[in-house]
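One structure is given here, and the rest of the page talks about it.
Keep in mind that what you see is a predicted model, and the values were worked out from it rather than measured. Lettering follows sequence order; numbering is per chain, from 1.
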Amino acid sequence: MTAINFKQIEEKWQRGWADAKAFEAEISSAKKFFFTVPYPYTSGPLHIGHGRTYTLGDIIARFKRLQGYNVLFPMAFHVTGTPILAIADSIARGEEEVVARFKDYIAIYEDADKVDELINSFRSAENVANFFAARISADFKRMGYSIDWRRKFNTTEPMYNKFIEWQFKKLYDKGVIKKGKYPITYSIEDDSAVGEDDIEGGDTEKVAVIEHTAIKFKLADGSCLIAATLRPETIFGVTNLWINPAASYVKLKVGDETWVVSKEAAEKMGYQKDEIAVSDETKGSVFVGKIVKELVCGREVPVLPASFVDEDVGTGVVYSVPAHAPYDYIALEDIKKSGSLELEPIKIIDLEGYELPAKEICERMGIESQMDERLEEATKIIYKDEFYRGVLNEKCGDFADVKIADIKDEVKDWLKRENIADVFYETSRKAVTRGGDKVIVAVLQDQWFIDYTPEWWKELGHKLVEGMTFYPEKYKTYMHDIVDWLAFRPCARKRGLGTQFPFEKGWIIESLSDSTIYMAMYTIAHLLRQLPVDALTEKFFDFVFLGIGDAQELSNELNVAADVLNRIKDEFEYWYPNDLRHTAPPHLSNHLVFFLMHHAAIFPESRWPRAITLNELMIREGKKMSKSKGNVIPLADVSELYGVDLYRLYCAINADFATVVNWREQDTEALRKKLNAVVELFEDSIDAESINEAELTHIDRWLLSRLYRRLRESVELFEAFRIREAGINMIFNAMNDIRYYEQRQDKDRRKRIVRAVIEEWLIVLSPIVPHVCEEIWHKLHESFISVQTLPVLNEAFIDDRVEREEEYLVALISDIKEILKVARLEPTKIYVYTAEDWKWELFRAIQDLPDKDKIREAMKLRKDKSTVEFVKQVMKSKLDYFELGEPEVIEREKKYLAKEFGCEIGLNEEHDPKGKKRFAVPLKPAIFVDG
RNA sequence: GCGGGGGUAGCCGAGCUGGACAAAGGCGCAGGACUUAAGAUCCUGUUCCGUAGGGAUACGUGGGUUCGAAUCCCUCCCCCCGCACCA
């Protein structure tokens, strides 16, 4: 027997499929199945984790093909957005880390001598995108995915731009494209918004926009010192303000008020507020010693100096609550040490376990200096504790006796209403762009949004979700929640690759908003290429997608033949809607919900998506895969390292959709052995002489029954997307059946039995491991297994009786073994006693009765003490009733039993020295061992 | 915080619409078969007790519901994930 060269057959059949155009889908009279997975973003190589989703997708597509569907499984590439641009910019700037990373990426695919030239070309975003798009499509071909590549496109192509414009016009007409204010992370230097990809370390440590409350404290001259805080509820406990004497402060004209904040804060505010004027720069020391009035209770408090105040965080002014803020407490102690100041903390929060929380936490942690880094930690502990467990006390007016967690927002809103406070946005941490410029928060005054809040839209969304199938099912409820939660979403940006926003110059459509109904493009992409871009007008898409307008009129207008227009429309109408979208749960609250909502808004119900399946992610050796950990295996290396079919099998079998797959080297080895065993079994059996029904023995029939049953179950499992169970059934369980058979029979005969089911087996298995199945199939047939339809399984061979007889035998053997083990006997003869007829009769009569009635009914039928004992035994043994000619079965298998135990077997003989016979119940014979 | 998921034998991991569950499968470990040997493969065992097919104890913790709970309800402890404009 020759071992299969996996790599060689992968290439052979992939070429074969491509040459035969096996997966190019055309309109036909057959029932269609339009299947999509998300197009990959082409900013780098894909790894085995990404591969899981695409692989399971391909398995589903292949299975649907077996079911006789005309399957369309297309693919495209996502290019729009900022990351690719950010990468190209970084490389153009010569950022070492990025350059090194992309050199590594190139080296995955290309020879070392080409790397420098290619990395040079990566200064252009387009080249980055094209390079990876080409490599990823090669990867996908190497994974054996059954994709129709003719419909490939990318999201920066002119025809795609036209399509997106159309989509936005439809939404605009519905009145959901709106303008409004919105805080974003922003670079002053670049004069533009910055995303996670633009920020230094943004992928590992996110930068969020945090809303601070900026509270006004009135100086004698009428101007206000503005102190920013995350804990506005503590305003009741303020004892003083802190200011950094060395830092610069400025006056700020805001409306008819004058504010004093740090110079840095003033600059930030310039990006958050309309029309403010800056003047009068001074040092913080100028304010030290002044008295300000807090506007809640009207108390007067002093401004004191503090070195911990950072002019570049918040407003550079902090109000002090020494009872509850460790920083404030320590700073106040310092001041007291050096002077004669009479300030005592004002306690406003009751917290179990503390008298004065800030004081006690510092004492417990041994913190004494303003510069102690542990102050940060102390602050976190107190903040959290007080937030969840703390209650505002009687000093807090209307807010007293309420938990902080429940009152915080109300206090904030009240302060704003009373014009005591304003909003100031700050980044969650200090951050710079990859180019080294400071990241601040800016408030865009005219951001474009999609407004998902209209009632009509929510209703349609829920209706759509309700009518869909989700697997795993739990995601349906979850999706309803997401539809409710979805509100306003910015849909355009100033920067990035993408389609021009049609309603205002200078904006690009944001890259998730341009990926919502793109499945529709697959149906017609290959045909649109033959048309001039100018022809792709709003009316054109209205005609194709919505059936609005007349082909002839449109033909005249666009100068495109009417039959071409009709052909395009037919193609769309044949394939749409999307029957199944397979993806991963992280997409639920963004891409998927937009996908659903936009379909609901734009298309009629008949074009709404039908089903969504989702698989969890993949980790490796128990850890998350990430480029920073360096534990990523590129998809491109799978064939070389493992073999594609092994990888596919692992994805299919290792975990259900809802479970994270753990890629473990040790497990891949175990699975490799298993796959090899299956392949060997097929190869070994394929040439065996066929067997005809008359020749079949009991155990032959048993194996056939098992295998056919497994295949039938597997098909059902596939249909329910339970691919893992289907795979286990056809690989592990079936192999166990065969091993068992080989123990009972000889190997040569096994070959003939396997030969009888081999074609069906291969077909059902082929979605998971298409290459090896194709290889073996071709020893019998010319055609591709990948385009077969499911066999009609020979149900007649699925035989309950045969299987139960075998179960009976297995149970008997295991009982005998148990006895031999416990009694430590070397048997000389084993006596088996089957239940007498009267027991069987009673057994049948009482099997369906509830336990409590069994004895009474049995006694009615047979008045004898032994009846009671027998019924008790039956109840205890919990036997499942079925008819079986016990003596016949044992008689038939006497030889096998004798061989198994190496001694003679006596069946229902008189010899019964220990009186075991009376213990026999139906389906559980009594046993006596001589030895 | 809001929302979601989870804790199962030495390890990974199924089961979780309550009963046949001492709990699938894999790995590991032990013994055996095969082999000159190694590897591969196959068989047996892998909580405790038991000289007759049985019993006891077990599925994070502590309670509860039930004739019966890994599975349902509650307490507590611990772990993981998402929270938006970003692909």
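Closest to the side chain of A:Glu818, from the set B:G54, B:A52, B:G26, is B:G54. Of the candidates B:G26, B:G13, B:C27, the closest approach to any side-chain atom of A:Arg664 belongs to B:G26. Nearest to the side-chain atoms of A:Arg724 among the listed nucleotides B:A84, B:G53, B:A24 stands B:A24. Listed nucleotides B:G3, B:A52, B:G26 differ in distance to A:Lys916; the shortest reach to its side chain belongs to B:A52. With B:C85, B:G3, B:A52 as the candidates, the nucleotide lying closest to the side chain of A:Ile819 is B:A52. Ranking B:G26, B:G13, B:A52 by closeness to the A:Asp667 side chain, first place goes to B:G26. In the set B:G26, B:A52, B:C85, the nucleotide with an atom closest to the side chain of A:Val929 is B:A52. You'll find that the side chain of A:Ser589 is closest to B:G82, out of B:A52, B:A84, B:G82. Distances were taken from every side-chain heavy atom of A:Thr659 (C-beta onward) to each of B:A14, B:C27, B:U41; the shortest belongs to B:A14.
Mapping A:Gln743 and A:Phe928 onto RNA chain B via the closest heavy atom, the residue that lands nearer the 5' end is A:Gln743. Comparing A:Arg489 and A:Ile728, the nucleotide of RNA chain B nearest to each residue sits closer to the 5' end for A:Ile728.
Geometrically, A:Arg489 does not engage A:Tyr452 in a cation-pi contact defined by less than 6.0 Å to the ring centre and at most 45° from the axis.
When the P atom is compared between B:U47 and B:A58, the two are found 16 Å apart, to the nearest whole Å. Across B:C59 and B:G45, the matching P atoms stand 25 Å from one another, rounded to whole Å. When the P atom is compared between B:U75 and B:C85, the two are found 35 Å apart, to the nearest whole Å. Only the P atoms considered, B:U41 is 28 Å distant from B:C48, to the nearest whole Å. Taking the P atom of each, B:C12 and B:G4 are spaced 27 Å apart, rounded to whole Å. Taking atom C1' in both B:A69 and B:A23, one finds a spacing of 13 Å when rounded to whole Å. B:G7 and B:G60: their C1' atoms are spaced 6 Å apart (whole Å). Atom name P, nucleotides B:A70 and B:U35: the rounded distance is 47 Å, in whole Å.
Nucleotide B:A84 holds its P atom 16 Å from the NE2 atom of A:His587, rounded to whole Å. With rounding to whole Å, A:Glu742 atom CD is found 20 Å from B:A33 atom P. Between A:Ile653 atom CD1 and B:G13 atom P there is a gap of 17 Å when expressed in whole angstrom units. The distance between atom CG of A:Asn654 and atom C1' of B:G26, rounded to the nearest whole Å, is 9 Å. For the pair A:Leu649 CG and B:G26 P, the interatomic distance rounds to 14 Å; values are reported in whole Å. Atom CH2 in A:Trp485 sits about 10 Å away from atom P in B:C85, given to the nearest Å. Between the CG atom of A:Leu614 and the P atom of B:G82 there is a distance of 16 Å, rounded to whole Å. When rounded to the nearest whole Å, the span between OH of A:Tyr650 and C1' of B:C27 equals 11 Å.
A donor-acceptor contact closer than 3.5 angstrom links the side chains of A:Ser515 and A:His78.
The pair A:Arg722-A:Asp656 does not count as a salt bridge, with every side-chain nitrogen at least 4.0 angstrom from each carboxylate oxygen. Residues A:Arg918 and A:Asp912 are not paired through a salt bridge, judged by the lack of any N-O separation under 4.0 Å between the basic side chain and the carboxylate. Contact check on A:Glu806 versus A:Arg706 returns no salt bridge, with no Lys/Arg side-chain nitrogen under 4.0 Å from an Asp/Glu carboxylate oxygen. Look at A:Arg672 and A:Glu669 and you find a salt bridge, because one of the NZ, NE, NH1 or NH2 atoms lies within 4.0 Å of a carboxylate O, short of that distance. Salt bridge annotation for A:Arg709-A:Asp800: present, with a cationic side-chain nitrogen under 4.0 angstrom from a carboxylate oxygen.
Applying the 4.0 Å criterion to OP1 and OP2 of B:C85, one finds that A:Ser511 has every side-chain N and O outside that range.
Remark: the A:Arg739 side chain and the B:C42 base include no donor-acceptor N/O pair separated by less than 3.5 Å.
Stem list for RNA chain B (at least 3 consecutive Watson-Crick or G-U pairs, distances under 3.5 Å): B:1-7 with B:77-83, B:10-12 with B:25-27, B:28-33 with B:41-46, B:47-49 with B:54-56, B:62-64 with B:72-74.
Within 4.0 Å (heavy atoms only), A:His78 reaches sugar-phosphate atoms of the nucleic acid but no base atom. Within the 4.0 angstrom heavy-atom criterion, base atoms lie near A:Ile927. If you check every strand for non-hydrogen atoms under 4.0 Å, A:Phe449 touches nothing. In this structure, A:Pro827 reaches neither bases nor backbone, as no heavy-atom distance under 4.0 Å exists between it and the strands shown. As judged by a 4.0 angstrom heavy-atom cut-off over every strand, A:Ser515 is placed among residues making no nucleic acid contact. If you check every strand for non-hydrogen atoms under 4.0 Å, A:Leu512 touches a base. Among the atoms of the strands shown, none is found under 4.0 Å from any heavy atom of A:Lys817. Base engagement by A:Ala926 is indicated by at least one non-hydrogen atom pair under 4.0 Å involving a base atom.
Side chains of A:Tyr647 and A:Trp663 form a contact here, defined as non-hydrogen atoms less than 4.5 Å apart.
Checked against a 6.0 Å centroid threshold, the rings of A:Tyr650 and A:Tyr642 do not count as neighbours.
Not one N or O on the side chain of A:Asp930 forms a donor-acceptor pair closer than 3.5 Å with the backbone of A:Thr828.
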